[in-house]
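Note that the structure is predicted; figures quoted are calculated from it, not measured. Proteins come first, then strands; the chains are lettered A, B, ... in the order of their sequence lines, and each starts at number 1. Worth knowing before you read on, the calculation uses all heavy atoms, side chains too, and leaves out hydrogens, waters and symmetry mates.
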There are 2 protein chains.
Amino acid sequence: MRLVLARCTVDYEGRLSAHLPEAVRLIMVKADGCVAIHADGGAYKPLNWMNAPNRLVIDEAAGLWVVTNAKGETLTITVHEILAEVNHELGVDPGLRKDGVEAHLQELLAANPTVIADGLRLVRREYPTDIGPVDLLCRDANGATVAIEIKRRGEIDGVEQLARYLEFLNRDPLLRPVRGIFVAQEIKPQARVLAGTRSIGWVEVDYDELRGIVSEELRLF
Amino acid sequence: MRLVLARCTVDYEGRLSAHLPEAVRLIMVKADGCVAIHADGGAYKPLNWMNAPNRLVIDEAAGLWVVTNAKGETLTITVHEILAEVNHELGVDPGLRKDGVEAHLQELLAANPTVIADGLRLVRREYPTDIGPVDLLCRDANGATVAIEIKRRGEIDGVEQLARYLEFLNRDPLLRPVRGIFVAQEIKPQARVLAGTRSIGWVEVDYDELRGIVSEELRLF
DNA sequence: GACTAGATGTCGGGG
DNA sequence: CCCCGACGTCTAGTC
């Protein structure tokens, strides 16, 4: 990783055009070749960047750094003055372990659909439709089809998504009629209202509690 | 901006849990207080981060950096060894000028609605409805109302957005019946399918060509 | 503060 | 490789 603190101007031409007037910024070049220009604020997002794969050509004498990629995008950095510089090999990162995202929530609910509603049985996870996969397809105690959409945070677009799936699922005579249940750790008031007008049910589930139920069940076997 | 290259382990507890085993990484602390942990690859996104506003407490002796925020999230960095360090004031950045995003596409199309469909005349840009503004409201050659939604890339949620607007516009007896056209530089297959089922038309436009048409017209006057 | 919609979104998974 | 949906999305604008 090469870190250069420099007074510079920057131009990007590609998906859009962008220009940065002269100022002191951090230029970060990673081992995979990606380049990022950071200001001293504005969260972790750089002002400008160019992802790998790309080609970086540096004319040290002219202070001209030009990054190009196969898509025809160009990032041009004009370095007026270098204030500090660090260059160091970091090696490959052992990587990140995550826990608590939607995929895990879906796993837990797939294993315990009765948490959503009594008598619910799983037919399939990621049940495919023409406009994308439904998180869970189930049958209820009466054998009727139930489509489940799972979100970490339940907002309006999640309800829309489920409504779309229902529209398509209800065209299938083998499944029809299909009702929907929107499941999330927390469901926003507007999402509840919209679900109501779409005749879609909603259930809030507690992630930690759910993990508890699962370990409880494992303990019994 | 403080840059520290260090062998470290990192833990994040908040919206999810994440753990980074010991490795050499870059720790970036910006003037606004935000903290980011970068590996030597993986585009510009850090492995872990904590946005401002937050509180950073450093126990130099123990090599323990703890960042907390009001939402109850915690980023804990255990620094085992510091390999390099730079500290520098960058000052406030003069900011970024952009060109070529959706707003500009809307301008161009507002000036040339016939690119979307023959005989189309603009009534108003950002025509207000109860649930937000429609990009363009037009009349076609027969005087019928047409609502236009413009995206750079046409995906499913853009179709949904237009469908919502149409639902509201069609309640207005002065406008009714209103049909919709979804316009983008590129429209994804699934978005086309959904538009079809919603009786919404769609048109792909070429941004560069459109700029050409506009400059051509300017030249004629 | 809540809600909406854009983003050079980025990233990962499946076909 | 495209297509699609999640993301600790982030961010800016409006109400």
Side-chain angles (χ1 to χ4, degrees), chain A residues 11-18 34-37 42-52 54 67 69 71-75 95-96 98-106 126 128-135 149-153 155-158 160-161 164-165 188-191 193-194, chain B residues 12-18 34 36 42-52 69 71-75 96 98-106 126 128-135 149-158 160-162 164-165 184 186-194:
Chain A
D11 282 278
Y12 165 77
E13 284 291 334
R15 280 169 281 188
L16 55 70
S17 303
C34 70
V35 181
I37 318 291
Y44 67 68
K45 195 178 180 185
L47 295 164
N48 280 112
W49 68 92
M50 189 78 107
N51 284 348
N54 63 43
V67 196
N69 71 8
K71 287 180 234 164
E73 297 170 292
T74 309
L75 185 71
L96 184 64
K98 286 184 183 183
D99 181 28
V101 281
E102 188 192 307
H104 195 207
L105 197 56
Q106 192 193 108
E126 301 290 345
T129 77
D130 286 349
I131 50 159
V134 181
D135 284 343
E149 176 64 32
I150 302 164
K151 293 279 181 224
R152 199 173 54 76
R153 282 163 45 198
E155 298 181 21
I156 252 177
D157 52 342
E160 293 280 28
Q161 199 179 333
R164 276 199 307 274
Y165 292 144
K188 296 288 176 72
Q190 294 206 343
V193 171
L194 186 65
Chain B
Y12 164 78
E13 284 293 332
R15 279 169 282 188
L16 56 69
S17 302
C34 71
Y44 68 69
K45 197 178 179 184
L47 296 163
N48 279 111
W49 69 93
M50 191 75 109
N51 285 347
N69 70 11
K71 288 179 234 165
E73 297 170 291
T74 309
L75 184 72
L96 184 63
K98 289 182 182 184
D99 180 29
V101 280
E102 187 193 308
H104 195 207
L105 196 56
Q106 191 193 110
E126 302 288 347
T129 77
D130 287 348
I131 50 162
V134 181
D135 285 342
E149 176 65 31
I150 301 164
K151 293 277 181 229
R152 203 171 54 77
R153 283 165 47 197
E155 296 180 23
I156 257 175
D157 50 344
E160 292 285 26
Q161 203 179 328
L162 179 51
R164 280 200 300 275
Y165 291 144
E186 187 207 340
I187 298 177
K188 296 290 174 72
Q190 295 206 343
R192 297 179 188 192
V193 171
L194 186 65

Check your understanding: Which sits closer to the 5' end of DNA chain C, Y165(B) or L75(A), going by the nucleotide each is nearest to?
Key ->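 The residue mapped nearer the 5' terminus is Y165(B).
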
Exercise for review: For E73(A) and for R164(B), locate the closest nucleotide of DNA chain C by heavy-atom distance; then report the residue assigned to the nucleotide nearer the 5' terminus.
Suggested key: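 On the 5' side of the pair lies R164(B).
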
Pull out every protein N or O sitting under 3.5 Å from an N or O of nucleotides 11-15 of chain C, one pair per line with the distance.
from, atom 1, to, atom 2, distance (Å)
dC11(C), OP1, G42(B), O, 3.0

Rounded to whole angstroms, how far apart are [atom1] on [X] and [atom2] on [N]?
{"X": "L16(B)", "N": "dC7(D)", "atom1": "CG", "atom2": "P", "value": "9 Å"}
{"X": "K98(B)", "N": "dT8(C)", "atom1": "NZ", "atom2": "P", "value": "3 Å"}
{"X": "W49(A)", "N": "dT10(C)", "atom1": "CH2", "atom2": "P", "value": "6 Å"}
{"X": "N48(B)", "N": "dC7(D)", "atom1": "CG", "atom2": "P", "value": "16 Å"}
{"X": "M50(B)", "N": "dG8(D)", "atom1": "CE", "atom2": "C1'", "value": "10 Å"}
{"X": "R192(B)", "N": "dC3(D)", "atom1": "CZ", "atom2": "P", "value": "9 Å"}
{"X": "R153(B)", "N": "dC3(D)", "atom1": "CZ", "atom2": "C1'", "value": "10 Å"}
{"X": "Q106(B)", "N": "dA5(C)", "atom1": "CD", "atom2": "P", "value": "14 Å"}

Check your understanding: Considering residues at least two apart in sequence or located in another chain, which fulfil the side chain to side chain donor-acceptor pair (under 3.5 Å) criterion with E155(B)?
Key ->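 Applying side chain to side chain donor-acceptor pair (under 3.5 Å) to E155(B) gives R153(B).
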
Exercise for review: Tell me, please, which residues at least two apart from D157(B) pass side chain to side chain donor-acceptor pair (under 3.5 Å).
Suggested key: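 Applying side chain to side chain donor-acceptor pair (under 3.5 Å) to D157(B) gives none.
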
Sequence neighbours left out, what passes side chain to side chain contact (heavy atoms under 4.5 Å, CB included) with [X]? Give chain and number order.
{"X": "D135(B)", "answer": "E102(B), Q106(B), E126(B), E149(B), I150(B)"}
{"X": "E13(A)", "answer": "S17(A)"}
{"X": "N69(B)", "answer": "M50(B), N54(B), K71(B), E73(B)"}

**Study point:** Heavy-atom closest contact (L96(B) atom, L47(A) atom, distance)
**Key:**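 Closest heavy-atom pair between L96(B) and L47(A): CD2-O, 3.7 Å.
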
Practice item. Compare every heavy atom of W49(A) with every heavy atom of L75(A), then report the nearest pair and how far apart it is. Key: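 Reported closest heavy-atom pair: CD2-C, 4.0 Å.
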
**Study point:** Distance below 4.0 Å between R15(B) side-chain N/O and dC10(D) OP1 or OP2
**Key:**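 Answer yes for this pair, as a side-chain N or O of R15(B) is under 4.0 Å from OP1 or OP2.
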
Practice item. Compare side-chain N and O positions of K188(A) against OP1 and OP2 of dA2(C) and report whether any pair is under 4.0 Å apart. Key: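 Result: no.
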
Check your understanding: Quantified in whole Å, what is the P atom distance between nucleotide dA5(C) and nucleotide dG8(D)?
Key ->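 Taking atom P in both dA5(C) and dG8(D), they lie 23 Å apart.
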
Would you classify [X] as touching base, sugar-phosphate or nothing, given that sugar-phosphate means primed atoms plus P, OP1 and OP2, and contacts are heavy atoms under 4.0 Å?
{"X": "Q161(B)", "answer": "sugar-phosphate"}
{"X": "E155(A)", "answer": "nothing"}
{"X": "E13(A)", "answer": "nothing"}

